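Single-structure report; data block below.
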Number of protein chains: 2
Amino acid sequence: MPESEAAPPETTERKVRERLHAAAAEVFARKGYASATVNDIVRKAGVTKPVLYYHYGSKEGMYKAFLESALSDLEERVGAVETLRGSASLRLSRLCGEIYAIFRRHTDAVRVMHAIYYGPPQGAPYFDFDRALFRVEDSVSKIVRQGLEAGEFEGDAAAMTRAVLGVCNECIDIELAHPEKAVGKAGLLESLDVVLRGMKREGGR
Amino acid sequence: MPESEAAPPETTERKVRERLHAAAAEVFARKGYASATVNDIVRKAGVTKPVLYYHYGSKEGMYKAFLESALSDLEERVGAVETLRGSASLRLSRLCGEIYAIFRRHTDAVRVMHAIYYGPPQGAPYFDFDRALFRVEDSVSKIVRQGLEAGEFEGDAAAMTRAVLGVCNECIDIELAHPEKAVGKAGLLESLDVVLRGMKREGGR
DNA sequence: GTCTATACATGGATAGAC
DNA sequence: GTCTATCCATGTATAGAC
């Protein structure tokens, strides 16, 4: 990033950077890191190659800036939800709803992250997804344990945490693979309710 | 599976094909489709480039053969579990256990599939994952509906199906991202039990 | 800051001998 | 069936003018 010394009409530079950022998001999401080319990105952004290198240094720099902006937003919003009050069930609903909302805001980044995190590294540069994802896991885990202490829940904390995260991820996965079959926030909360209440009929067993 | 079986002195060809297959599995799983190179595969298999082209035609043919063998195994085993009898809960446990076992047998293929199916296509050739995955989903869904009809379960069938698949995928995802944190079949069944019984304490609310 | 033109490396695929 | 050597397209990155 060059040292700009009080240059007011920087609107052009800003817009170029943003256009590159948006174009990179689309291209990386459609092709993955390895298969995405700098040519693809600059073409979509309506600039030439050296412009990308001037602003982001390399394909790698472009990629990291793209992921960084999405994941920092995730951490911020999950942190905000942690301050809410109410029953553990209610707070889990809110948290899951927020996770889903973040996914909708950053679908491109989630798709790329998903592929790299669970799949082959694709030769992509290292990126610390764990920091943000552990944040989410800890947030769920904390609410579960509070529910246990309050006598609202019963069972194994780790198994319950996995079940809650499982329904969130399942609904996100469905939408990633088949957008037309998306279940939405409503479908997610419905599945969360299954986990909270159980599938078996009351008194059955 | 090659057509002719009555050729005894084919041991060399067989071994070469199998070595290539195994090498491709490792390389695709470590690098993904786009980033994996034919050179990587032949080097690991201990053969030269034209040998791969002779047996599999192209990088694409190598890739498809690799996935096909894993997914046909998946379909076959899921079909076998469908014949079992017992309560819906028990059959769901068996099915989830089998899904996990298949994942363990074909971790490489699952990793690659996961990335392509939920993530960017990576410029990989089209492969019909849906056929096999819908088979799994239908299998779970059918048991859930039978449980509902028998009065063993209560709730929304689609939401319950998502919850069950969610715990399976969650446990698989954990192992894909952090093998050292794997919860194993036991952990999976524990989480499935959470879904069956519910997190909330009996009588609470 | 942005352009044109190009250096340089790599990868998929094949020709042709054996 | 397998080898050596090579073709050719593509991709990242940069030099140098404006």
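Everything numeric in this text was worked out from a predicted model, so none of it was measured.
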Sugar-phosphate, base or nothing in reach of A:A36, heavy atoms under 4.0 Å: sugar-phosphate
Is the distance from OP1 or OP2 of D:dC3 to the nearest side-chain N or O of B:T48 less than 4.0 Å? yes
Taking the nucleotide of DNA chain D with the nearest heavy atom to each, does B:K49 or B:G46 sit closer to the 5' end? B:G46
Quick one: B:K15 NZ to D:dT2 P, roughly how many Å, whole number? 13 Å
Within the structure provided, determine whether B:Y33 and B:K59 are in side-chain contact (heavy-atom separation under 4.5 Å). yes
Checking D:dT12, C:dG12, C:dT2 against the side chain of A:V16 (C-beta onward), the nearest is C:dT2
Nearest whole angstrom, please: distance from the C1' of D:dC3 to the NE2 of B:H55. 13 Å
Any A:V183 side-chain heavy atom under 4.5 Å of A:E175 side chain: no
Ignoring hydrogens, what is the shortest heavy-atom contact between B:A159 and A:V194? Give both atom names and the distance. CB-CG2, 3.9 Å
What is the distance, rounded to the nearest whole Å, between atom NZ of A:K31 and atom P of D:dT12? 10 Å
Looking only at atom types and distance, does a side-chain atom of B:R91 sit under 3.5 Å from a main-chain N or O of B:G86, one as donor and one as acceptor? yes
Rounded to the nearest Å, what distance is computed from the CG atom of residue A:N39 to the P atom of nucleotide C:dT4? 13 Å
Starting at atom CG of B:L52, determine the distance to atom C1' of C:dG12, rounded to an integer number of angstrom. 11 Å
Any donor-acceptor pair under 3.5 Å linking the side-chain atoms of B:D173 with those of A:Y117? no
Spacing between B:K59 atom NZ and D:dT10 atom C1', to the nearest angstrom: 13 Å
Calculate the interatomic distance between B:R17 atom CZ and D:dT2 atom P; express it in whole Å. 11 Å
Length of the CG-P vector between B:L20 and D:dG1, whole Å: 13 Å
Could you check which of D:dA13, D:dT2, D:dT14 has an atom nearest any side-chain atom of A:P50? D:dT14
So, is B:Y53 close to the C:dA13 phosphate, meaning a side-chain N or O under 4.0 Å from OP1 or OP2? yes
